[in-house]
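Have a look at the structure below before the remarks.
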Amino acid sequence: MGTLPNHVADTALALLFAKQRREGAATWFSLAGGSHLFTAGETADQLYFLSAGRLGAFRREDGQERQFLGIIRPGEAAGEMALIAGAPHSANVVALRDSEILAMPRAAVFAAADQDPHIMTELAQMMIARLRQAAAGHSPIGDPAAYGFIAADAGPLVRPLVERLAGIVETLGYTVIVAGSEALMAPTAWFSSTETDHDFVFYVAEHGQDGWSHVVGRQVDHLFRLGFGKPPTTPIEAYASEPLQAQHLVDLILVNPVNAPRRSGTSAWIDASGAARVFQITDGDTGDLKRIARVITGQSVGLTLSGGGARAYAHIGAIRALRERQIPIDFVGGSSMGAVVGAGLALGWGQEEMEARIRKAFFETSPLDDIAIPLIAMTHGLKVRQRLAEHFDDIDISDMALPFFCVSSNLTTGVYQLHRRGQLARALRASISLPGVLPPVTDGANVLVDGAVMKNFPADIMRSMQLGPIVGVDVTRGRSITAKDVFRPPSFWKWILSGQWRSGPPIVGLLMRAATVSTGRDLAASREATDVLITPKLEGIDIRDWQAYDPAVEAGYAATISALDALDRPVQALRRRASRKEQPRPVAAAFG
C-alpha cells in the first residue's frame, strides 16, 4: 500500500515522498471519497502528495456559495502554498473519490529542500502554473475523465447503452474503457492507473447493485442517473459523493421507448434524484447518444438568443443557417423574444414549422394591439397570453426535447429569475413582459417582467451550464430607435386610419428599446462567455415592427453564415477536449 504508480514516480516530489516513506518519515493513508483532507483555517503543518484518486479544493466566503477552485491529480501536491507561507490553509480540500495520500511534516520538507533544491523549485513551478491558469480564467473543474452511469430504476440493462455511447466517443478520437461491478474489489490504485491509460472511464452500475453503486459515486468526476419508467414518488438513493452533489455534477438521462408519446413528469424525476440537468433520449436513437457524447467531450453546442422585440425574427434566420451548416444544437437559452424562438427549437420544431408558427403568432396580426388604459401597462396582454397558450400548451420546461432555460427580471428581489422548470407558457409570458407595455406576471409575492431588463443576453448563464462552445445571437446592437421615432404623430386620426396604432403609440417603442439596452458589464460578460458572437445588421428595423419579418430573418441568416465562414474549424470543435495523445493534461487552478 502507498506505492507510487509509474506515471507519478519520476518527479523530485515523488522521489522525495517515496524515500521518506521507506524511511518512515512520510505517512501513507487512504481517504474515502467525500472526506476532508484539511479545512480552511487549519494549521498547515504537513505537505500532502496524492498517489491515487482525486482531490478537489473549495472555498466559501461569507454569504457566498461554495466556490470550486481546482482539482489535484495523482502526482501533485496539496497544501503547499500555506505550508511555505507559514499561514493557515485558505481552502477546504476534499477527496472527490477514494484516494491514497502521503503526508510529510513541515520540518522534514524544509530539511529535504535544503539537501535538494529541485524540491522547492518544483513546488514553485506548480504554484506559478496554477496561479497563471486561474488568472487566465481556465475552468477549475479541468477535464472530467471518470463518468458514472447508475440505473435509477428497474428497466433494461444500462451497460449495453453505455457501451454504445463509448463506441461513439471513440469515433471522436478518444480512448474509452467501460467497467462494471467486476471492479468492485479493485484497489484504489487500479482506478487511478485505469484513468491514466484512457481518456475516459465509464463506470456502470445496474439497478440493485447497491455496493458497487456507492463505489461508483465515490470514484467519478461526473455522475449520470438513468431512468426508464414512471416518475418516482419518493427520493431515490443518491449514491453521489457530497462534492458531486454540492457542485451540481449529477445529471439525469431519461430513456424513452421508441414511438412513445412525449414524456411528462420529468419534474418529479428531478425532485427525486436532485439532478442538475436532464437529457431526454429515445432508446436506440444514435443521434441522442451523439449528443451525450458531445456533452462529455466538450463539443456540445449551446445557443443563446437575446431579446429585442420584432428584431428577434433574426434568430429564425440564424437557426436556419446553423441547420444548413449541420451545427448541432444541444442546449438552448434566451431572454424575451429570444426565449420564445428558442423554446420552439428546444421543443423540436423543424424550420418550416418554426417559421409558420412565429409568422402566425406575431406577423399576421400584431400581438400588441389590444391597447388598454395605461394603469399597469399599455396593453391588456391577452393576445400574447392566448398565442403562447396556443403554441406551447401546458408543456413543462423540464419535459422539453433539449435542455432549455429562459430568464425574467424579478422586480421584487432585484435580480434576474432563471426558469428551468415549470409551465413553459407562463415562463415565456414573464420573459417577454416589457414594463409598461405588457402587464407583469406575479409569482407568489414576486413581480416578474421582461428578462431583457436585467439579463438581455444570458450567454454567461449558458456558460455555467455546459463546457462546450456557445453560439450567441444578439439582436439589440446597432441603432434601432432615432429621434424621429419619439415625435408626437402629426394627426391622431391619421395615425388611427393608417393602422400604425396596431404597433402601439411611440411610447411603446421607447419603452421596449429602453428595456432591452444591455449594460456595458452585461455585454462584456456575454462576449467573454460566447465563442461565436452573431450580431445581425438590423439598423432601420424598429423593435415593434412586427411586419419586418422577412428582412430581419435574412439579416440573421446572412450574419450567421458570415460568422461561420470566419471560423477555422467547426463550431463544435472550438472547445473540444484534447485527447491524451494530443496534449498533456492541464494543471489545476490555484488553491492554498
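The shown structure was predicted, so the numbers you read here are calculated from the model rather than taken from an experiment.
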Quiz item: Is the F224 ring parallel, tilted or perpendicular to the Y147 ring (thresholds 30°, 60°)?
Solution: parallel
Self-check item: Closest non-hydrogen atom pair between S99 and L50, with its separation
Solution: CB-CD1, 3.8 Å
Quiz item: Is the backbone N or O of R577 less than 3.5 Å from a side-chain atom of Y174, with the two atoms forming a donor-acceptor pair by type?
Solution: yes
Exercise. Verify, without hydrogens or angle tests, whether R420 (side chain) and S398 (backbone) share a donor-acceptor contact under 3.5 angstrom.
Key: no
Quiz item: Ignoring hydrogens and geometry, is there a side-chain-to-backbone donor-acceptor pair from R225 to I253 under 3.5 Å?
Solution: no
Quiz item: Considering all heavy atoms of both residues, which atom of M400 and which atom of A346 are nearest to each other, and what is their separation?
Solution: CE-CB, 3.5 Å
Exercise. May I ask you to decide if I168's main-chain N or O and T171's side chain share a donor-acceptor pair within less than 3.5 Å?
Key: yes
Practice problem: Please check if the side chain of D98 supplies one atom and the backbone of T188 the other of a donor-acceptor pair under 3.5 Å. | Solution: no
Quiz item: Does a donor on one side chain sit under 3.5 Å from an acceptor on the other, for D330 and Q466?
Solution: no
Self-check item: Aromatic ring proximity, centroids under 6.0 angstrom, F404 and F331
Solution: no
Quiz item: Okay, side chain of S213, backbone of Y239: is any donor-acceptor separation there less than 3.5 Å?
Solution: no
Quiz item: Is any NZ, NE, NH1 or NH2 atom of the basic residue among E582 and R576 found under 4.0 Å from an Asp or Glu carboxylate oxygen of the other?
Solution: yes
Exercise. Compare all side-chain heavy atoms of R421 with those of D271 and state whether any distance is below 4.5 angstrom.
Key: yes
Practice problem: Answer yes or no: are there more than 12 heavy-atom neighbours, outside E23 itself, under 6.0 Å from its atom CD? | Solution: yes
Quiz item: Are F38 and H36 near enough that their ring centres are under 6.0 Å apart?
Solution: no
Practice problem: Would you please say whether a donor-acceptor pair under 3.5 Å links the side chains of E42 and T39? | Solution: yes
Practice problem: Could you tell me whether R463 and D531 make a salt bridge, using a distance below 4.0 angstrom between a side-chain N and a carboxylate O? | Solution: yes
Self-check item: Exam field: side chain N456 to backbone S306, donor-acceptor pair closer than 3.5 Å
Solution: no
Quiz item: How close do P469 and S300 get, heavy atom to heavy atom, and via which atoms?
Solution: CD-O, 3.1 Å
Quiz item: If you measure only the distance, is there a donor-acceptor pair under 3.5 Å linking the side chains of T266 and Q280?
Solution: yes
Practice problem: State the CD-OG distance between E206 and S181, to the nearest 0.5 angstrom. | Solution: 8.0 Å
Quiz item: Looking at the rings of F202 and F149, which for Trp means the six-membered one, are their centres under 6.0 Å apart?
Solution: yes
Quiz item: Are any of the side-chain nitrogens in R54 or E100 under 4.0 Å away from the carboxylate oxygens of its partner?
Solution: no
Quiz item: Can you name the closest pair of heavy atoms from G180 and W212 and give their distance?
Solution: O-CZ2, 3.1 Å
Quiz item: At their closest point, which heavy atom of L13 faces which heavy atom of I119, and how far apart are they?
Solution: CD2-CG2, 4.2 Å
Quiz prompt | Distance-only polar pair, side chains of T175 and D199, donor-acceptor under 3.5 Å | solution = yes
Self-check item: Pair D221 + R97, salt bridge at N-O below 4.0 Å
Solution: yes
Quiz item: Can you tell me if T476 and D474 form a side-chain donor-acceptor pair at under 3.5 Å?
Solution: yes
Practice problem: Taking atom CD of E182 as the centre, report whether more than 12 heavy atoms of other residues, nucleotides or ligands fall under 6.0 Å from it. | Solution: yes
Quiz item: Between the side chain of Q417 and the main-chain N/O of V407, is any donor-acceptor distance below 3.5 Å?
Solution: no
Quiz prompt | Side chain to side chain, V201 and V220, heavy atoms closer than 4.5 Å | solution = no
Quiz item: So does D116 pair up with K19, basic N to acidic O under 4.0 Å?
Solution: no
Exercise. Give, for atom CG of L223 and atom CG of L252, the distance between the pair rounded to the nearest 0.5 Å.
Key: 10.5 Å
Quiz prompt | Ionic contact status for R277 with D251, cut-off 4.0 Å | solution = yes
Self-check item: Main-chain N/O of A293 paired to T297 side chain as donor or acceptor, under 3.5 Å
Solution: yes
Self-check item: Heavy-atom closest contact (P74 atom, S51 atom, distance)
Solution: CB-O, 3.7 Å
Quiz item: Are the side chain of S335 and the backbone N or O of A452 linked by a donor-acceptor pair below 3.5 Å?
Solution: yes
